[in-house]
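Right, one structure below, let's go through it.
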Protein chains: 2
Amino acid sequence: MSDKLRAAGMRPTRQRVALGSLLFQSGDRHVCAEILHEEAVEQQIPVSLATVYNTLNQFRDAGLLREVALVGTRVYFDTNMSDHQHFYLEESDELLDIPSNHTIKLNGLPEAPEGMEIAGVDVVVRVRPKKS
Amino acid sequence: MSDKLRAAGMRPTRQRVALGSLLFQSGDRHVCAEILHEEAVEQQIPVSLATVYNTLNQFRDAGLLREVALVGTRVYFDTNMSDHQHFYLEESDELLDIPSNHTIKLNGLPEAPEGMEIAGVDVVVRVRPKKS
DNA sequence: ATTTGTGCAAATCGTTTGCATCTGA
DNA sequence: TCAGATGCAAACGATTTGCACAAAT
């Protein structure tokens with residue numbers, strides 16, 4: 001983790017190493033600041049909520065995390081930087097990866113507006129409880 | 001506008017009729033509460049910011065507006081309820097419709113998770129200035 | 001007359017910032 | 001040593017809510 005941080009141009013401080021381990025050691029994760037902070041507290045990692053916010057933003061700026069486009073006010077990050085898609089559970093505000101064998105295929109990318117280039121395509125499938 | 005509101009199960013009050021006219025009289029629009037409130041004030045429509053927020057949420061719940069999934073903290077609504085997609089300009093936080101003749105085709109919707117149904121699919125093409 | 005909507009200000013939620021203190025290179 | 005990171009609390013921006021008043025049916 002120290003190396004990963006150094007490679008990204010950040011000092012490997014206790015808090016960053018600890019948060020990085022929580023984020024990157026167990027496969028793909030979807031976190032918001034609040035959740036990650038709770039986890040850290042549970043695991044006896046002393047870190048303030050403000051530092052969690054700052055760290056997530058730094059990780060994003062360094063290309064270690066991706067910010068996910070969502071309806072609503074909260075910001076989510078995804079540790080999976082590869083090209084993939086999400087389910088968004090409207091009633092619980094949860095985010096799930098769409099299994100790669102069910103990914104939606106996109107045909108025909110549009111031309112970007114004049115002078116622009118495409119940075120990425122976000123696909124979010126909003127789902128809600130079946131009312132049946 | 002009164003009829004449209006009544007059809008949606010809302011009392012056609014002065015404020016709702018006025019905001020509805022701003023929103024639906026001039027083609028497709030992307031608005032956040034702040035912007036719509038400014039417009040209303042400019043046009044001498046006395047309405048509070050709180051009422052603009054409430055009204056936008058009611059319009060969305062009634063199916064007159066769509067909330068757009070975006071990175072970041074502000075909530076945008078789109079008066080275009082038809083199935084369409086957006087460019088998101090990363091440097092300026094702007095939202096543009098993708099012209100319908102350049103829409104991305106989606107192949108193979110995934111199964112929704114157990115007990116869930118698909119409410120909609122949001123596609124956002126993030127673009128940024130070409131660096132060339 | 002009854003129900004529903006409105007305005008205001010205060011409350012809330014998620015997030016950022018200022019500043020004194022601490023820490024890693 | 002000292003630039004840079006952290007914690008705390010206060011500031012902040014966007015949004016929601018409680019309550020007295022006003023308007024629509």
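Just so it is clear: chains get the letters A, B, ... in the order the sequence lines come, proteins before strands, and each one is counted from 1. Just so you know, these numbers come straight off a predicted model, no measurement behind them. Heavy-atom basis, side chains included; hydrogens, waters and symmetry copies ignored.
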Check the angle between the aromatic planes of A:H86 and A:H30 and answer parallel, tilted or perpendicular using the 30° and 60° thresholds. perpendicular

Please state how far atom [atom1] in [X] lies from atom [atom2] in [N], giving the value in whole angstrom units.
| X | N | atom1 | atom2 | answer |
| --- | --- | --- | --- | --- |
| A:R16 | C:dT23 | CZ | P | 15 Å |
| A:F59 | D:dA5 | CZ | P | 12 Å |
| B:D61 | C:dG5 | CG | C1' | 16 Å |
| B:L19 | C:dG7 | CG | C1' | 14 Å |
| B:Q15 | C:dT4 | CD | P | 17 Å |
| A:R11 | D:dC2 | CZ | P | 13 Å |
| A:Q58 | D:dG4 | CD | P | 13 Å |
| B:H37 | D:dG13 | NE2 | P | 17 Å |

Bend angle of the helix from C:dA1-D:dT25 to C:dA25-D:dT1, end axes from five pairs each (to 10°):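 The angle separating the two end axes equals 30°.
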
Taking every non-hydrogen atom, the tightest pair across A:F87 and A:D97: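 A:F87 and A:D97 have their closest heavy atoms at CD1-O, 4.3 Å.
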
Restricting to non-hydrogen atoms, name the atom on B:L56 and the atom on B:A33 that form the minimum distance, rounded to 0.1 Å.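 Minimum heavy-atom separation between B:L56 and B:A33: CD1-CA, 3.6 Å.
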
Taking side-chain contact (heavy atoms from CB on, under 4.5 Å) as the criterion, tell me which of B:V68, B:L64, B:N57 meets it with B:F77.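 Of the listed options, the one satisfying the test is B:N57.
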
Choosing from C:dG7, C:dG5, D:dG7, which nucleotide comes nearest the side chain of A:S48?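 Within the option list, the nearest is D:dG7.
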
side-chain contact (heavy atoms from CB on, under 4.5 Å) partners of A:E111, counting only residues at least two apart: none

Please write out each protein N/O paired with an N/O of nucleotides 9-16 of chain C under 3.5 Å, distance rounded to 0.1 Å.
| residue | atom | partner | partner atom | Å |
| --- | --- | --- | --- | --- |
| C:dG14 | OP1 | A:R74 | NH2 | 3.3 |
| C:dT15 | OP1 | A:V75 | N | 2.7 |
| C:dT15 | OP2 | A:Y53 | OH | 2.6 |
| C:dT15 | O5' | A:Y53 | OH | 3.4 |
| C:dT16 | OP2 | A:N57 | ND2 | 3.0 |

Counting distance only, does the side-chain N/O of B:R16 pair as donor-acceptor with the main-chain N or O of B:R11 below 3.5 Å? yes

A side-chain contact here means heavy atoms from C-beta on lying under 4.5 Å apart; do A:D122 and B:V125 qualify?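 The answer is no, as the side chains (C-beta and beyond) never meet within the 4.5 Å cut-off.
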
Go through the N and O atoms of the side chain of B:R14 and the base of D:dA23, and report whether any donor-acceptor pair is under 3.5 Å.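 No pair found.
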
Would you say a side-chain N or O of A:T51 is under 4.0 Å from OP1 or OP2 of D:dG7?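 A:T51 to D:dG7 OP1/OP2: side-chain N or O found under 4.0 Å.
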
Would you say the side chains of B:T103 and B:S100 form a donor-acceptor pair under 3.5 Å? no

Side chain to side chain donor-acceptor pair (under 3.5 Å) evaluation trace for B:H84 with B:D28: CA-CA 11 Å; B:H84 71 291; B:D28 300 342; over 6 Å; no

